[in-house]
Amino acid sequence: KQEVTQIPAALSVPEGENLVLNCSFTDSAIYNLQWFRQDPGKGLTSLLLIQSSQREQTSGRLNASLDKSSGRSTLYIAASQPGDSATYLCAASSSNTGKLIFGQGTTLQVKP
Amino acid sequence: KAGVTQTPRYLIKTRGQQVTLSCSPISGHRSVSWYQQTPGQGLQFLFEYFSETQRNKGNFPGRFSGRQFSNSRSEMNVSTLELGDSALYLCASSFHSPSTNEKLFFGSGTQLSVL
């Protein structure tokens, strides 16, 4: 059974700092690994999707990497801004079941 | 182009009642999936519909059901509500089934409170 874990649960950094969010998964039989952002009381916004055959994806100040062999993905945020404050969730799409399994998320606060 | 629309935005029900939530996907999208989000359990997959057929189902009791119409709009129904059903219910749409390498687009959710 796929389990997805995100560490830390919460993170507070000063504006301008580069930071890394971690995601680990137990079953390497994944179709893809996705990172989402969620603002309080809102739905999810897709940030990056890494296919199982890829190692990383980049979008602006965001870079996500995937290491299937170790069951890990990281989301790197460069030059953080207060507007980056949100909860970041990773989700693994199981190639066995087709289901998307989410981690519990990391709540990020970027202080001005 | 309009995003994923979920109605209603907020809902308050009492135990034992039933509720129907609606989701209109992005125009042209044929896949709709539903998720339950609670502080304790996080985001959990409920079910997925593609071209009016249920393609996948999560580990929820039979009180949770859904359907998809020919215009791809989807509804989910929860019967005999329990206090533990209080949650944010999110739907997501995509053109193809979610088991492809395609981003999902989420609605803002329906916040259900069961008293």
Side-chain angles (χ1 to χ4, degrees), chain A residues 1-7 9-10 23-25 27 29-57 59 62 64 66 68 73 86-107, chain B residues 2-7 9-11 21 23-26 29 31-50 53-60 87-113:
Chain A
K1 176 186 168 187
Q2 177 74 275
E3 292 183 5
V4 179
T5 305
Q6 291 186 247
I7 294 174
C23 171
S24 61
F25 48 94
D27 187 353
I30 60 170
Y31 212 77
N32 59 56
L33 191 291
Q34 301 184 50
W35 284 91
F36 296 87
R37 168 187 172 136
Q38 185 175 31
D39 292 287
K42 299 289 181 64
L44 279 65
T45 299
S46 179
L47 297 173
L48 291 164
L49 182 154
I50 313 174
Q51 298 179 31
S52 62
S53 59
Q54 298 175 325
R55 294 296 297 246
E56 64 177 332
Q57 282 287 331
S59 176
L62 305 179
L66 174 64
K68 279 180 54 180
S73 176
T87 296
Y88 291 82
L89 297 118
C90 70
S93 176
S94 170
S95 57
N96 293 324
T97 66
K99 297 177 185 177
L100 202 57
I101 307 299
F102 283 84
Q104 293 279 46
T106 294
T107 299
Chain B
V4 178
T5 304
Q6 291 189 246
T7 56
R9 184 70 181 90
Y10 301 95
L11 206 48
L21 312 182
C23 173
S24 294
I26 290 173
H29 283 192
S31 173
V32 173
S33 49
W34 289 88
Y35 299 84
Q36 181 196 64
Q37 187 175 32
T38 59
Q41 299 296 318
L43 262 159
Q44 293 185 285
F45 172 76
L46 280 158
F47 25 65
E48 174 212 335
Y49 287 88
F50 181 77
T53 302
Q54 186 179 88
R55 294 283 295 269
N56 223 331
K57 191 176 189 308
N59 298 322
F60 279 81
L88 179 66
Y89 290 87
L90 294 163
C91 82
S93 78
S94 59
F95 184 76
H96 298 100
S97 172
S99 56
T100 58
N101 288 310
E102 183 182 353
K103 286 186 177 182
L104 293 180
F105 293 84
F106 279 81
S108 296
T110 293
Q111 183 68 54
L112 172 64
S113 297

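By convention in this document, chain letters (A, B, ...) are assigned in the order of the sequence lines, proteins followed by strands, and residues within each chain are numbered from 1.
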So for [X], is it side chain, backbone, both, or neither that comes closer than 4.5 Å to the heavy atoms of chain B?
{"X": "A/L47", "result": "backbone"}
{"X": "A/L89", "result": "side chain"}
{"X": "A/Q104", "result": "side chain"}

Item to complete: Would you check if the side chain of A/K99 reaches a backbone N or O of B/K57 as a donor-acceptor pair within less than 3.5 Å?
Response: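 Side chain of A/K99 to backbone of B/K57, a donor-acceptor pair under 3.5 Å: yes, one is there.
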
Of all heavy-atom pairs between [X] and [Y], which one has the smallest distance, and what is that distance?
{"X": "B/K103", "Y": "A/Q34", "value": "CA-OE1, 4.3 Å"}
{"X": "A/L44", "Y": "B/F106", "value": "O-CB, 3.2 Å"}
{"X": "B/L90", "Y": "A/G43", "value": "CD2-CA, 3.8 Å"}

- Might you confirm whether atom CZ of A/R55 has over 12 heavy atoms from other residues, nucleotides or ligands at distances under 6.0 Å?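 No.
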
### Message
How about NZ on A/K42, more than 12 heavy atoms from neighbouring residues, nucleotides or ligands closer than 6.0 Å, or not?
### Response
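No, because the 6.0 Å sphere around NZ of A/K42 holds 12 heavy atoms or fewer from other groups.
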
- Query: Quick one: do the B/Q37 and A/Q38 side chains pair a donor with an acceptor below 3.5 Å?
  - Reply: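 There is such a pair between these side chains.
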
Assess the residue pair A/F102 and B/F45 against the criterion (side chain to side chain contact (heavy atoms under 4.5 Å, CB included)); give the C-alpha distance rounded to whole Å, side-chain angles, the decisive distance to 0.1 Å, and a yes or no. CA-CA 9 Å; A/F102 283 84; B/F45 172 76; over 6 Å; no

| message | Are A/L100 and B/L104 packed together at the side-chain level, in the sense that at least one heavy-atom pair is separated by less than 4.5 angstrom? | response |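 Yes, at least one pair of side-chain atoms sits under 4.5 Å.
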
Got a sec, which residues hit ring pair (Phe, Tyr, Trp, His ring centres under 6.0 Å) with A/Y88, two or more places apart in sequence or on another chain?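 With sequence neighbours excluded, A/Y88 shows a ring pair (Phe, Tyr, Trp, His ring centres under 6.0 Å) to no residue whatsoever.
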
Spatial distance of atom OG (A/S46) from atom CD (B/E102) [nearest 0.5 Å] =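 The OG atom of A/S46 sits 10.5 Å away from the CD atom of B/E102.
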
Exercise. Mind checking side-chain hydrogen bond (donor to acceptor under 3.5 Å, both in side chains) for A/Q57 and listing every partner two or more places apart, or none if nothing turns up?
Key: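 With neighbours one apart ignored, the set is A/Q54.
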
